[in-house]
There are 2 protein chains.
Amino acid sequence: MRVTVDIVLFTLRPDGAATLEVLLVERGVPPYEGTWALPGGFVHPDESLETAARRELREETGVDDVYLEQLYSFGDPGRDPRGRVVTVAYYALVSPDRRPPEAGTDARAARFWPVAALPKLAFDHAAILEYGLGRLRTKLEWTGVGFELLPPKFTLSELQRLHEAILGRDLDKRNFRRWVAARDFVVPLKESRRTGRKPAQLFRFRGR
Amino acid sequence: MRVTVDIVLFTLRPDGAATLEVLLVERGVPPYEGTWALPGGFVHPDESLETAARRELREETGVDDVYLEQLYSFGDPGRDPRGRVVTVAYYALVSPDRRPPEAGTDARAARFWPVAALPKLAFDHAAILEYGLGRLRTKLEWTGVGFELLPPKFTLSELQRLHEAILGRDLDKRNFRRWVAARDFVVPLKESRRTGRKPAQLFRFRGR
DNA sequence: CCAAAAGTGTTAGGAGTACACCCATGG
DNA sequence: CCATGGGTGTACTCCTAACACTTTTGG
């Protein structure tokens, strides 16, 4: 019986609308050659599960240094045509100001896809992705997770658009700002962003 | 690389104080022969993870038909002296009116232990148990889970003692009853329990 | 001066918490 | 009649949700 890790890595494209995207790789080897899949692969005998997840992410996509959390394990017989494979799924968050992913080992291509318009996925990866999305939403409501998806300096409007993108609904500006202020997630900086309009106060996360 | 399942099975001893207990087996085979451990074992090639968890529970302890939910996967190298073993942990809940567990395959003994007074555990099972306990507590606060720990008919006081046992603190009787009523978790029955004192209204779960 | 995004307060309803007394029964 | 656990209401606080206008800047 073999064990793999698969990673559902979310990012946010800061294109005004702030669309939520997931990192996928186009498989370069059978099975499912040419099909898009979550990055992942077999766990080595001497590494922990989380280490394996980080290594696979780096090898297959060049993405490094991410927030990572274990999600769920999927192990139905028949989920992998190569035989019995149990996968431990992780979810990860990266800010969009990182260099774009590059295809690595066993991958023909690596890129982000908007969660609203995904290609057909290999194995049971559609189910894994769906599970990750659900977790991301609940995490966001109970804890402050989500900050990892933004660049180090950001405006409150950007933070709000992030939450709206993940939750899939609009939020009230004043209530959202009160909510953020009540926790103390963010620290105001001495800078503001001079966009074409009224300048916006910049913030960073508290902690790190 | 091999895959096991381990089950953290909670029950409630209805001894007035309502103590929370966990099912453990005394290992009858190496490694850790003679040490107490969570029930569990290797996943067969043709069964799902959850099926494996149910089978192991039945084989090792005679316990059947339980509420079961996946908890977390533990896979650090070195956690099992037999080599690299990844375990998928489940947590389970049973009502206390079931017949007592019986030692089965590979188990010298099987019994419940109060979570407040546990023996030394094999492998990394102490960490797994601790994780399960944490999950049980948070589940209880956000959802109505916990009902599975009671017999089919129960009084509100019994339900309250259950919550107190799991949360580890006392709850206000009136507030607790209002909380239960606000969700609609329970349905009143036409019976009451004639205990030595004022009879108590019996309830069952909605949608059992 | 206009377009565009930033920023800001008040009110109403719901949920949780603290708190004390009467009731029904069996012995 | 008394000991025991069953059962009930109110007031306060806090969090959430609804809702609209003014400010600053670049062009």
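These values consider heavy atoms only, across backbone and side chains, with no hydrogens, waters or symmetry-generated copies. Naming: A, B, ... by sequence-line order, numbering from 1 per chain.
- No salt bridge links B:R169 with B:E164; every basic N to acidic carboxylate O contact stays at or beyond 4.0 Å.
- When the P atom of C:dT25 is taken as reference, atom CD of B:Q201 falls 13 Å away, rounded to whole Å.
- Heavy-atom distances to DNA chain C give each of B:R197 and A:S157 a nearest nucleotide, and the one nearer the 5′ end belongs to A:S157.
- Comparing D:dA18, C:dA6, D:dG9 by their closest approach to the side chain of A:K198 singles out C:dA6.
- Atom pair B:L167:CG and C:dT17:P shows a separation of 11 Å (rounding to whole Å applied).
- Comparing A:P199 and A:R183, the nucleotide of DNA chain D nearest to each residue sits closer to the 5' end for A:R183.
- Separating the CG atom of B:D172 from the P atom of D:dG9 is a distance of 14 Å, rounded to the nearest angstrom.
- With the nearest nucleotide of DNA chain D identified for both A:A182 and B:L156, B:L156 has the one nearer the 5' end.
- Between A:R13 and A:E21, at least one side-chain N (NZ, or NE/NH1/NH2) sits under 4.0 Å from a carboxylate O, which counts as a salt bridge.
- As a whole-Å value, the separation of B:R169 CZ from C:dG16 C1' is 11 Å.
- Residue contacts for B:R177: at a heavy-atom cut-off of 4.0 Å it reaches a base atom on one of the strands shown.
- Contact of A:R193 with D:dT25 (side chain to base): no donor-acceptor pair of N or O atoms is detected under 3.5 Å.
- When the C1' atom of C:dT11 is taken as reference, atom CZ of A:R178 falls 11 Å away, rounded to whole Å.
- Per the geometry, CD belonging to A:Q160 stands 12 Å off C1' belonging to C:dA5, to the nearest Å.
- Smallest separation of non-hydrogen atoms from A:T61 and A:A110: CG2-CB, 4.2 Å.
- Two rings, from B:F205 and B:F185, have their centers 6.0 Å or more apart.
- Proximity note for B:R174 (side chain, C-beta onward) versus D:dT8, D:dG7, C:dT8: the nearest is D:dT8.
- With rounding to whole Å, B:E158 atom CD is found 12 Å from D:dG5 atom C1'.
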